[in-house]
Amino acid sequence: MQRYLFSRVIQSILLLFGVLLLVFLMMRLTGDPASLMVSRNASPEQIEAVREEMGLNDPLIVQFWRFASGAVVGDFGMSIRHREPALDLILERLPATVELATVSLFLSMVVGIPLGLLAGSRPGSIWDALARIAGLIGQTIPNFWLALILILVFSVQLRIFPTFGRETWEICCGVELPTKSVILPAIALGVFTMGQLVRFTRSSVLEIRNEDYIRTARSKGLSDRRIYLGHILRNAAIPLISIIGVQFGYLLSGSIYIETIFSWPGLGNLLAEAIGNRDFALVQAIAVFTSLAVITINLLADVAYAVADPRIKYGG
Amino acid sequence: MKRLLLILAIMLAVSIALTACAAPAAPETAAEGTAGEAAAAPAEAPTEGSTLRVALSTFPNSLDMPIAAERNASNAAWQLYNSLVWVDDDGAVVPALAESWEVSEDGSEITMKLREDVTFHNGEPFSADSVIFSWERGMRPDMQWSDRWAMVTDIEKVDDYMIVLKTEEPNPLLLRIIAENWAMVPPQYIEEVGEDGFAAHPVGTGPFEFVEWNKGDRIVMKAYSDYWEEGYPKVDNLIFRPIPESSTRVAAIKTGEIDIVGRLSAEEAAQLKGVDGVEVISYPVDRVYYIAFNNLTTGVDMPTEDPKVRQAMNYAVDVDAIIDALFAGNGRPSTGYVTPANWGYDTEIQPFGYDPDKARELLAEAGYPDGFEIDFACPSGAYTNFEQVCEAIVGYLGDVGITANLELMESGQYWDLEAKKELPPLFGDSWSETSGEAYPRLTGALGGWDASFSAWSDPEIDRLLGEIGKEMDDDARAGLYVELQRYMQENPPFIYLYEPVTFEAKSTRVKDYRPRPAENYYLKYTYIEE
């Protein structure tokens, strides 16, 4: 286990370094931001001065070293546009993205897992048909389109939810709870995950219900209820953990589309804006930050996998 | 099963912990006295009195004028500040923090008498020192708009309320540029809280004072009770909400969550017509769209160096059809680089008009009866339907025998190349102007090697611009503008395209909202009728 953990951490670090390099080079492929940082009446000398001041004239390798060595100690440099440390900007926007990701994952699990379980336990039933439709729609519907439809129906027509923005409810001492403003973006963002969970739960349950040990359980005279909750779901949960882990990582990295449409003040929105403005430091910081989140959560999911399934032994 | 629940519980705990860890980051950067407010739930926005809610189409980078990067940022910022002078709705320069001024005979010195009854939102009195401090700060090289402050080379303090602004050469536009850019800031306050503190809690003398800025979500301001202009502002609270997606802005004005939205497309505006409680506003914008020629780098020795060829290319493009097809008829064909909103606009000048026969004739006269081939670039994702406009132009030029090889480029990369003069000999762009005169736009696009975003140089244009830049007499300057516009029709440095119409919508409860051709507004007059 320890050896496995160690090698996974090393892998993760290498992966992170690869991401750093890729993001760094890709941003620089398309020109530098100096011309966006001056007025349009600027003289070539003014632009040159900006370039010099921001270190954009240094060789790429020097710029990369500056970026990578700073990143290791949590210094991602100053956002060019906001003139604030990039990390501060990320931390400001993080609560909104975490809130959206958590609520969205919660909703998709509450809907997806029971529906998948029902469908898998009664193949061919109306539940099964419903689950297959939900799974298909969830995975194929473009979420930005769904977002606009949700706004149209639930905000403009029915006036149940706010159209945009984030409201929170402070219970005490800086701890804030979500309010209904999170519901529409969470549905739009979570529908894909919901579809995946329905399909995976259903197929796992279908597979497991034909296993020998289930037949044994039945022959012992256990009730259906105990068989499904105690044996089938418990075993079906194992692959679900890794899916939930991957999905949580994906949701945490923030969705550019959903956050933009709902004007949700999270990382996705910040990233969209940063890319548009060639805010190198900020884009790099967000990329590193979200890859770190995804890699860490995947690592945790793998460990959880081992904890949940005694049959799995790593590295041994 | 229990393990699954345990894992879920851990995940939930992790997300709550992440939220809680990250939450205190905001107040940390806030200035003294605002920390509590910044941390408070934004839902607790001020509710006493009337509240005006305005949508912004981007996230402002700063509320500090010298670094406010674009129109949305400066629109929100200007509600907090005043300049020395102001341009009123009729375009006249009128007193603001300077109650009167006198321009020296040679035009290089302006003596200003400052108001004595003005205080900043923190109580600090406004005086000559505030002007000098603001000017020195605005000129700093790390300020984006430093060139707008550096036009004044020295400020002499005569007494606490009398200053002399000095320039190297007479500058007829100086007062307008001051009105648009010189936001007065409090020296003692900035010294106390530092630049970071000022960024977190900006203070000015303007009609509204800063309350809180929940990054990415809202900027809250309230009426400044000691504002020097009696009776203003007319609403108690002002909230800006950034909504980057235009269809969401449309939804938000329909539901009444927002009172004013801007930057709508013609289709979205049409969709809002007839909606209860919503009024659609449209007005021409002081922005010119054009296809530029290059005679400095990539366009050297190209057929486009011949003015006849450039005229031919203007005749070849059917601008009216483009406006009809792509903008539902909303827009005006450009007659040149000076718009009707600008001082010195030539009322007699006509757009080239669509005349492909004349275009072929001129091409033949110039020695290109079979046309020629030329590279052409346009930015994508920067302007409404501009990609389609460029594709239409390729078609029109093809009709008269000119093969234009169009390359669409991501806008950031495009402007980078434009600033380096590395775009192809034919390239599309647009240029807006806020000062009410076309001079900055003209010098920016036609200043040759001295201007980053220029790819064109013409000695006659240089001569006329040189005179305009020094002519302090308004009528004489208007005459020079007319002369320049006529020259620029004979020798067009651009294919002139169109000036757009912008669409906004407001709640019918909102009165006296007065947007200007540069898509800017001052909300001190605006009020809400219950």
So A:Arg40 and B:Asp429, do their side chains get closer than 4.5 Å, heavy atoms only? yes
Output the distance between atom CZ (B:Arg249) and atom OG (A:Ser263), rounded to the nearest 0.5 Å. 9.5 Å
Hey, does B:Arg148 have a side-chain heavy atom less than 4.5 Å from the side chain of A:Asn41? yes
Can you measure from OG (A:Ser35) to CG (B:Asp416) and round to the nearest 0.5 angstrom? 4.5 Å
Which atoms of B:Lys421 come close to chain A, meaning under 4.5 Å heavy atom to heavy atom: side chain ones, backbone ones, both, or neither? neither
Counting a contact as any heavy-atom pair under 4.5 Å apart, which residues of residues 438-448 of chain B contact chain A? B:Pro440, B:Thr443, B:Gly444
Given A:Asn235, A:Ile151, A:Val156, the one with more heavy-atom pairs under 4.5 angstrom with chain B than any other is A:Val156
What option among A:Ala34, A:Ser155, A:Ala42 has the most heavy-atom pairs under 4.5 Å with chain B? A:Ala42
Can you give me the closest heavy-atom contact between B:Asp142 and A:Glu53, atom names plus distance? CB-OE2, 4.2 Å
Answer with side chain, backbone, both or neither: which region of A:Gln46 has an atom nearer than 4.5 Å to a non-hydrogen atom of chain B? side chain
With a 4.5 angstrom heavy-atom cut-off, which part of B:Ser62 approaches chain A: side chain, backbone, both or neither? neither
Are more than 12 heavy atoms from other residues, nucleotides or ligands located less than 6.0 Å from atom OH of A:Tyr257? no
Heavy-atom proximity to chain A below 4.5 Å, by part of B:Trp415: both
Keeping the roles fixed (side chain from B:Ser452, backbone from A:Ser43), state whether a donor-acceptor pair exists under 3.5 Å. yes
Do you know which two heavy atoms are closest between B:Asp217 and A:Gly165, and how far apart they sit? OD1-CA, 3.6 Å
When rounded to the nearest 0.5 angstrom, what is the spacing between CD in B:Glu245 and CD in A:Glu259? 14.0 Å
Should we say atom CZ of A:Phe200 is surrounded by more than 12 heavy atoms from elsewhere, each under 6.0 Å from it? no
Has B:Arg53 got its NZ or CZ under 6.0 Å from the middle of the six-membered ring of A:Phe164, at an angle within 45 degrees of the ring axis? no
Can you tell me which portion of A:Pro33 sits under 4.5 Å from chain B's heavy atoms? Options are side chain, backbone, both or neither. neither
Distance check, rounded to the nearest 0.5 Å: A:Ile275 atom CD1 versus B:Glu410 atom CD? 9.5 Å
Salt bridge A:Arg159-B:Glu257, side-chain N to carboxylate O under 4.0 Å: no
Treating A:Glu92 as the side-chain partner and B:Lys215 as the backbone partner, does any N or O pair qualify as donor plus acceptor under 3.5 Å? no
Check each atom of A:Ile47 against the heavy atoms of chain B and say whether the ones under 4.5 Å are side chain, backbone, both or neither. side chain
To the nearest 0.5 angstrom, please state how far the CD1 atom of B:Ile67 sits from the CZ atom of A:Arg83. 4.5 Å
Interatomic distance, B:Ile258 atom CD1 to A:Thr163 atom OG1 [nearest 0.5 angstrom]: 9.0 Å
Can you establish whether the number of heavy atoms outside B:Arg140 located under 6.0 Å from its atom CZ is more than 12? yes
To check you understand the geometry: which heavy-atom pair defines the closest contact between B:Gln144 and A:Val38, and what is its length? NE2-O, 3.8 Å
Measure distances from B:Glu195 to the heavy atoms of chain A and classify the residue's part below 4.5 Å as side chain, backbone, both or neither. neither
Would B:Arg218 and A:Glu167 satisfy salt bridge (charged side-chain N to carboxylate O under 4.0 Å, His left out), going step by step from the backbone distance to the final call? CA-CA 11 Å; B:Arg218 71 190 70 203; A:Glu167 307 279 349; 3.3 Å; yes
Answer yes or no: is there a side-chain heavy-atom contact under 4.5 Å between A:Pro265 and B:Phe59? no
Give a yes or no on whether the backbone of A:Phe262 and the side-chain of B:Thr248 come within a donor-acceptor separation of less than 3.5 Å. no
Would you say that more than 12 heavy atoms from the other residues, nucleotides or ligands in this model lie under 6.0 Å from the CH2 of B:Trp449, or not? yes
Would the distance check show the side chain of B:Asn61 and the main-chain N or O of A:Arg81 forming a donor-acceptor pair, the cut-off being under 3.5 Å? yes
